[in-house]
Amino acid sequence: MPFPRPEFVPFRAADFAVSLSNWFRSSQRDLPWRREENFSDPYRVLVSEIMLQQTTVAAVTPFFKRFIARFPTVESLAKAPEEDVLAHWAGLGYYSRARNLHGAAKSVIEEHGGQFPRDFNEILALPGVGRYTAGAVASIALKQRKPIVDANVARVLSRVLAVEGDLKTAKNQSKLWEGATQIVEVEAVSPREINPAMMELGALVCTPKNPQCELCPVEKWCGARAQNRQNELPFVASKAAPTPLFDVCAFAQNADGEVLLRKRPEDQKIWWRGMWELPRTTRIEGETAAQALTRLGGELGFAIEGGEEVACLKHGVTRYAITLSCLEASVSTQIAGEMVKWCSFEAARALPMPAAMKTLLKTLEKRPARQLRLL
DNA sequence: AACTCGTGGAT
DNA sequence: TATCCAAGAGT
């Protein structure tokens, strides 16, 4: 028999926070950044929070472990070359986060004397750190009563407070931050626990679809639940459909089995800037894949033969779906310049490279080697 | 305020 | 398969 559904009680931060905190202590997941050696270190909390921006726990976990193993302290990160930092971020996405985190580490060393700042506004001033991330570092690592509102907290509070209309409006945002502030200021709970508890509730119970209200420790304070509207709140406007793009890649191998890679420009506002990839171009409308490859070869200064399609990746990006056709090429001229180089598959794995390219290379690596005919 | 930035898992 | 969406920040 199901438990009786509790009667609705108007929101009171003190009762709400204590109930939620107790639930968190018994129900939280064991995550790497929640281990004692990590959650008391503001640098390591910062690493986890930056990685977790718009990124799932499952995706972040292996990256966090590798990153902390390679850069265990803020000093070690600050003195590392950017190429090395990007290589440890390769595949995680949103690569400006890696540059900003690197910049934040340098700032701690150079502008804060190697001591991680404890002042909220100084944390907020670090590159890549906004109101949410600063609040997370301050509350979790430094036990300061600073509120946080991420997608989880926004969803939880929008239901509890039964917030109407688009959540992104300034008016509704201030409602959410006000609610988060009231909760983190409850002295009976620790800011180190109650903020993660709000997110954990959103991740495990108060989910986007079909929230598990029967399991919710704060059900009786939930305005949406009282009206049986937990599946309708929060309201979110649908995003524009992605525009499909069709790209072709040239897969060129030399006699040693090395593959030709190109570095994308550093100084332009483009995707994957500064990262390595197979030479690639976007098909012009009406152009066949073979024609696009011929054009790409001309731009690079080598002739492309072949045309066997060996891989096709569809990739969901914010506004684009990218289809990659990978063709085999033979190379007639040695490419000059720093932006292009021959690279073994093994060495390629150590380069900063977007996930789509890593997947593509992994596929190509398993193919039987083929002797190229030089023109 | 609206747009951009990556990726992978869930539904 | 199509769509949603995740511990957001910068511009």
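Taking a 6.0 Å sphere around CZ of A:Arg66, one finds it holds more than 12 heavy atoms contributed by other residues, nucleotides or ligands.
For A:Lys269, the side-chain atoms get nearest to C:dT11 when compared with the rest of B:dG6, C:dT11, C:dA7. In the set B:dT4, B:dG8, C:dA7, B:dT4 carries the atom at the smallest distance from any side-chain atom of A:Trp271. Picking from B:dG6, C:dA7, C:dC5 the nucleotide with the shortest atom distance to the side chain of A:Ala151 gives C:dA7.
Residue A:Ala59 is classed as having no contact, given no heavy-atom separation below 4.0 Å to the nucleic acid.
A cation-pi arrangement, defined by a distance under 6.0 Å to the six-membered ring centre and an angle within 45 degrees of its axis, is present between A:Lys341 and A:Trp276. A:Trp89 does not carry A:Arg99 over the face of its six-membered ring by the limits of under 6.0 Å from the centre and within 45° of the normal.
Within residues 168-204 of chain A, the residues approaching DNA chain C are A:Met199, by heavy-atom distance under 4.0 Å. Scanning residues 48-57 of chain A for heavy-atom distances under 4.0 Å to DNA chain C yields A:Glu49, A:Leu52, A:Gln53, A:Gln54, A:Thr56.
Not less than 6.0 angstrom separates the ring centroid of A:Phe67 from the ring centroid of A:Phe63.
Side-chain contact of A:Glu346 with A:Ser344: a donor-acceptor pair under 3.5 Å is absent, judged by distance alone. No side-chain N or O of A:Tyr132 forms a donor-acceptor pair with one of A:Gln53 less than 3.5 Å apart.
Remark: A:Arg295 engages A:Glu299 in a salt bridge, criterion side-chain N to carboxylate O under 4.0 Å.
If you find the closest nucleotide of DNA chain B to A:Arg97 and to A:Asn210, the one lying nearer the 5' end belongs to A:Arg97.
The side-chain contact (heavy atoms from CB on, under 4.5 Å) test applied to A:Ala105 returns A:Val74, A:Leu77, A:Ala78, not counting sequence neighbours.
Taking 4.0 angstrom as the limit, A:Arg155 places a side-chain polar atom (N or O) nearer than this to OP1 or OP2 of C:dA6. For C:dA9, one of the phosphate oxygens OP1 or OP2 lies less than 4.0 angstrom from a side-chain nitrogen or oxygen of A:Thr133.
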